[in-house]
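Here the structure comes first, spelled out in structure tokens, and everything after it is commentary.
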Amino acid sequence: MNDVEYQDQAITVADLVNTSPDDFSASKSAVEPGFYGGAAVSEILKRVQRHTLKNGMTLLMVEDHQAPVVTVQFWVKTGSRNERPGITGISHLFEHMMFRGSIKYGPDEHANLVKRHGGVLNAYTSFDHTVYYETISSDQLELVLHLEAERFANLRLNPTVLREEKKVVAEERRMRYDNSVQGASQEQLIINSYRSTPYSWMVIGWMHDIQNYTLADVQEYYRLHYAPNNIVGVIVGDFESSKALRLVRKYWGKIPPQPTPPAPPMIEIEQKGERRIEFKYPSELPMIYASFRMPPFDHPDIVPLNVVARVLSRGQSSRFYQRLVYQDRMALFAEGDILSLIGPGLFIFSLGMTPGYELAQGERAMWEEVERVRAEGISEAELQKAKNQLETEMVGELVTSRGIASELGRYEADGGDYRKATAYLDGIRRVTNKDVIRVAQKYLNPDLRTVVLVIPTKNGTGGEQ
């Protein structure tokens, strides 16, 4: 909302997944202690309590009394994949609308109450889900559960609020996509990488849809998608489970369920050759954005593919960076990462050329590095380093109540079972160089890639959306 500030800079894969995180925070140091240490995923999963309310809401709870802190998250199983042409971006609109007040509380009053009690809150929208969360001292658990239930049950939806938020979201789209070469280029990559699923538009939606949502559109979307039977609640930290369950039932149990929203199409048509797009835009340097389609986030092949990403394109020690930026100096940036989704994801590569070098030179070097991995795999040292990094990264998510809640929420909301988190960690430890070669040959096939060549134009030409 008003607190969010966007800069015209390279948009990362994380930005594609988490659109517009609206951070209303007090002192973070007061509420984010790292009290889980290096606890194993399996040990944490043993402490999870799972309940299903009569109205269909799923609740996960993990007690830990080492610090007087609690994180509460509500995962709405709706994102841009649940939209259709005409209402694209409406999931992201609700991220804004949910802070505009309810029957009992006025605009921003929810956020102000949480901050007044020393807490932080946030929200983000992705292709697959929308998440609202607070981290606060444990004696304020009831306050948070009450506030969240109030806005989920009694959101203020009227023409004035809708008109104001449509203007805010439209301006956000202009800043992050229409008037940003990085954002506009990544949008071209997304819409050309997908042809038959709702992943073929950005989370923020199309401008003509943003400007034309009706009150009936938002009321119906809220009724179906923000119903308790479409929500996973997660509570992690210092609380008593029996008391927390009573509070959840008290505030959430009376919210009626709704018909289950229709499942969106998740099968992409087969790609039978490289897709190549020249995108002309006012830019200071030529760039390349490319993608290969990946399996869903909980598919076993995602683990070795993440190893490939670590070695090939993530960070300054990656092969891309070392060759194209550090050694040959033909690129200002060269990177890549995996966009993991419920449906088919993407392995995204991006490259920005140094002045004086041609796109063809950078692209040739980039694909040479990819082909080396497909033909030879990686060294044992690279393999072990990547595995160590991935395991450390996951365990690092488990050092705070918020990190644990996020891991549990993702696997429960998107994967249907929080216990799938164990398979990912176990999979990291089992990856071999044969696995790396196998997935690289299968998924990084030149016939299956989409390439967007960003061609700089003079100001005032190209770039229209």
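Below, each value reflects all heavy atoms present in this structure, side chains not excepted, and no hydrogens, waters or symmetry copies. Predicted, not measured: the structure shown is a model, and the values here were computed from it. Position 1 is the first residue of the sequence, and the numbers go up from there.
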May I ask you to decide whether E397 forms a salt bridge with R410, counting only side-chain N to carboxylate O separations under 4.0 Å?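 Result for this pair is no, no salt bridge flagged.
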With a 4.0 Å cut-off, would you call E43 and K46 a salt bridge?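 Looking at E43 and K46, the cut-off is met.
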Flag, side chain of [X] to backbone of [Y], donor-acceptor distance under 3.5 Å:
X    : Y    : result
S193 : R293 : no
R275 : N192 : yes
E412 : Y418 : yes
Y221 : F94  : no
H96  : H92  : no
N388 : K385 : no
E268 : T197 : yes
Y194 : P344 : yes
H299 : D301 : yes
K420 : D298 : no

So [Y] and [X], do their side chains get closer than 4.5 Å, heavy atoms only?
X    : Y    : answer
F292 : L305 : no
Y226 : N230 : no
S318 : E335 : no
E150 : H110 : no
N154 : Y105 : no
I235 : V70  : yes
K166 : R163 : no
L121 : F99  : yes

For [X] versus [Y], what's the shortest heavy-atom pair and its separation?
X    : Y    : answer
A244 : L145 : O-CD1, 4.4 Å
S91  : G79  : OG-O, 3.1 Å
P257 : N55  : CB-O, 3.3 Å
I302 : P296 : CG1-O, 3.1 Å
A386 : R310 : CB-CB, 3.8 Å
A67  : D238 : O-CB, 3.0 Å

Using 30° and 60° as the class limits, which term best fits the ring planes of Y124 and W75: parallel, tilted or perpendicular?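 Taking W75 first and then Y124, their aromatic rings stand perpendicular (interplane angle over 60°).
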Would you say T130 and E95 are linked by a side-chain donor-acceptor pair, where the criterion is simply a distance under 3.5 Å?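 No, no side-chain donor-acceptor pair sits under 3.5 Å.
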Give a yes-or-no answer on whether the side chains of D128 and S126 include a donor-acceptor pair shorter than 3.5 Å.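 D128 vs S126: no donor-acceptor pair found between side chains.
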Axial cation check for F349 ring with R449, 6.0 Å and 45° limits: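 No, R449 does not lie over the aromatic ring of F349.
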Steps toward side-chain contact (heavy atoms from CB on, under 4.5 Å) verdict (E83, D209): CA-CA 11 Å; E83 299 162 358; D209 288 346; over 6 Å; no
Test side-chain contact (heavy atoms from CB on, under 4.5 Å) applied to V308 and L444, step by step: CA-CA 10 Å; V308 174; L444 302 184; 4.1 Å; yes
Enter the distance from [X]:[atom1] to [Y]:[atom2] here, rounded to the nearest 0.5 Å.
X    : Y    : atom1 : atom2 : value
L408 : L45  : CG    : CG    : 6.5 Å
T135 : Q73  : OG1   : CD    : 7.5 Å
R81  : L341 : CZ    : CG    : 9.5 Å
E134 : K115 : CD    : NZ    : 12.5 Å
Q188 : F279 : CD    : CZ    : 4.5 Å
S102 : E109 : OG    : CD    : 8.0 Å

Given side-chain contact (heavy atoms from CB on, under 4.5 Å), test L141 with K243 step by step and report yes or no. CA-CA 10 Å; L141 174 60; K243 181 180 179 181; over 6 Å; no
When the ring centroid of Y132 is compared with that of F152, is the distance short of 6.0 Å?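 For Y132 and F152, the ring centres are under 6.0 Å apart.
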Residues I191, W206; criterion side-chain contact (heavy atoms from CB on, under 4.5 Å); working and verdict: CA-CA 11 Å; I191 65 179; W206 296 113; 3.8 Å; yes
Sequence-distant partners of E148, side chain to side chain donor-acceptor pair (under 3.5 Å), two or more places apart: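 Only R151 meet the side chain to side chain donor-acceptor pair (under 3.5 Å) criterion with E148.
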Side chain to side chain donor-acceptor pair (under 3.5 Å) assessment of Y251 paired with E142: CA-CA 9 Å; Y251 292 110; E142 183 170 7; 2.6 Å; yes
In terms of heavy-atom contacts, does CD1 of I269 have more than 12 from other residues, nucleotides or ligands at under 6.0 Å?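 Counting neighbours around CD1 of I269, more than 12 heavy atoms of other residues, nucleotides or ligands fall under 6.0 Å, so yes.
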Pair K167-E164, salt bridge (charged side-chain N to carboxylate O under 4.0 Å, His left out): steps then yes or no: CA-CA 5 Å; K167 291 179 180 178; E164 292 173 352; over 6 Å; no
Salt bridge (charged side-chain N to carboxylate O under 4.0 Å, His left out) for E187 and R173? Distances and angles first, verdict last. CA-CA 11 Å; E187 182 169 61; R173 183 185 161 84; 2.9 Å; yes
